[in-house]
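Notes follow once the structure below has been shown.
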Amino acid sequence: MDMNNVNIEEIVKQVLSGMTGNAPAAAAASAPAAPAGNTIPKKARVAMMTEKKHFELQEYDLPEVGDDDILVKVEGCGVCGTDAHEYKNDPFGLIPVVLGHEGTGEIVKMGKNVKVDTAGKPVKVGDKIVTCMIFKDDPEITMFDLNKKNVGGADVYGLLPDDDVKFNGWFADYIFIRGGSFGSTFFNVSDLDLDSRILIEPCAVLVHAVERAKTTGILKFNSRVVVQGCGPIGLICIAVLHTMGVHNICAVDGNEQRLEFAKRMGATTTVNFMNFKGVEALTEAVKEAQGGHLADFAFQCTGNPHAHSNIYKFIRNGGGLCELGFFINGGDATINPHFDLCSKEINLVGSWVYNLRDYATTFDFLKRAKAIGLPMSELITDKYPLEEINEALEKNLSMTGLKIAVVNK
């Protein structure tokens with residue numbers, strides 16, 4: 001030992017203090033804090049939606065982190081169609097509210113009781129996480145309930161009414177994840193890049209839809225599949241199918257740029273409905289695109305009732321349909337139950353959001369999609385800082401991009 005590098009005086013003080021019983025008291029147990037250089041401020045901002053089509057940046061004291069709580073520094077959050085519906089019309093009656101449920105960020109402080117995420121994976125300060133559902137009204141839900149319950153009946157961060165916590169959504173500088181009986185669920189996704197983490201929530205919607213489709217027993221490797229609607233949801237649907245080995249995919253949309261992107265995601269053929277007048281002509285075009293065959297299975301990914309009415313025509317007798325486009329009430333659709341459903345013996349399943357297990361599956365989907373070269377990150381066409389959140393929502397409503405995101409500096 002090089003005694004020149006040892007502070008002898010300090011060692012002697014420590015020894016004497018221990019002999020006299022005056023040793024410095026051990027630091028009180030407290031919530032692990034952020035590493036040096038990542039100082040947590042006393043106050044932070046949220047984007048509070050105070051009226052229709054208007055967010056205000058408001059500053060509040062960050063809440064105290066309890067033994068079961070987590071404080072997360074927000075890195076980014078996708079703008080969902082649900083956010084756009086709330087921004088435009090407040091259909092859920094949430095105003096005032098901090099929106100944003102497709103978010104992700106870094107743990108900067110957490111309570112002493114927080115050891116693992118919802119899947120049992122260890123977590124620590126510095127890890128990247130996403131939130132899933134909040135089961136405060138259903139505490140018996142578990143990671144391993146085998147798809148028995150989806151998000152219906154649960155809450156999510158970003159669609160919680162405002163209260164004294166304030167940091168309830170991902171459109172903010174920080175989000176406060178409540179522990180204990182509040183029923184929060186979250187996942188450690190430190191092995192995914194930021195763009196992939198922003199896409200987890202919408203991708204889980206499609207993982208869930210494809211799992212629902214598989215329950216019919218019709219969707220197989222060699223199935224001919226139609227995906228109607230090539231917004232972010234339809235494009236991700238194509239990516240999930242392609243990643244699982246389904247390669248006979250026909251994309252239907254009215255926008256050529258989106259149809260071109262659909263090919264990059266795995267669609268083998270495309271049909272632009274703008275080029276055909278009437279459902280009969282459109283059906284023939286879809287049939288021709290699939291080598292003269294109707295689809296074995298179809299995914300309806302728009303919230304348009306007319307699109308729902310049409311899609312039955314694209315499906316063969318004994319085929320299947322997954323309807324996932326109507327997250328909210330988009331109006332009534334008209335079908336002929338005899339010709340569209342009964343005589344064709346269509347196997348119809350509905351899909352709405354996701355469950356916990358779908359989140360875990362989604363992480364592997366995103367890794368696999370990246371590994372085979374699918375351009376998932378390019379789905380995020382526009383990124384806005386928190387200060388421009390109103391512009392981000394307006395961009396979403398304009399439907400001139402694909403996935404819009406709010407990304408913090």
*With ring centroids as reference points, do Y157 and F176 lie under 6.0 angstrom apart?*
no
*asked:* Between E288 and V271, is there a side-chain heavy-atom distance shorter than 4.5 Å?
replied: no
*Taking it one step at a time, do D296 and K220 satisfy salt bridge (Lys or Arg N to Asp or Glu O under 4.0 Å)?*
CA-CA 9 Å; D296 299 304; K220 302 181 185 300; over 6 Å; no
*Short side-chain to backbone donor-acceptor contact, T302 and A307, under 3.5 Å*: no
*asked:* Determine whether a donor-acceptor pair (N or O, by modelled atom type, separation under 3.5 Å) exists between the side chain of S184 and the backbone of I134.
replied: no
_Are there over 12 heavy-atom neighbours, none belonging to H54, within less than 6.0 Å of that residue's NE2?_
yes
*Between Y359 and F187, does the ring centre distance come in under 6.0 Å?*
yes
*asked:* Is the positively charged end of R368 above the ring of F365, judged by distance under 6.0 angstrom from the centroid and angle within 45° of the axis?
replied: no
_Plane angle bin for F297 and F299 - parallel if under 30°, tilted between 30 and 60°, otherwise perpendicular_ = tilted
_Full working for side-chain hydrogen bond (donor to acceptor under 3.5 Å, both in side chains) between R197 and T104_ = CA-CA 6 Å; R197 288 185 274 129; T104 183; 2.9 Å; yes
*Taking the side chain as C-beta and beyond, is there a heavy-atom pair between I177 and M110 under 4.5 Å?*
no
*Would E256 and N272 satisfy side-chain hydrogen bond (donor to acceptor under 3.5 Å, both in side chains), going step by step from the backbone distance to the final call?*
CA-CA 7 Å; E256 279 298 332; N272 188 329; 3.0 Å; yes
_Note: D253-R258 ion pair, threshold 4.0 Å (strictly below)_ = no
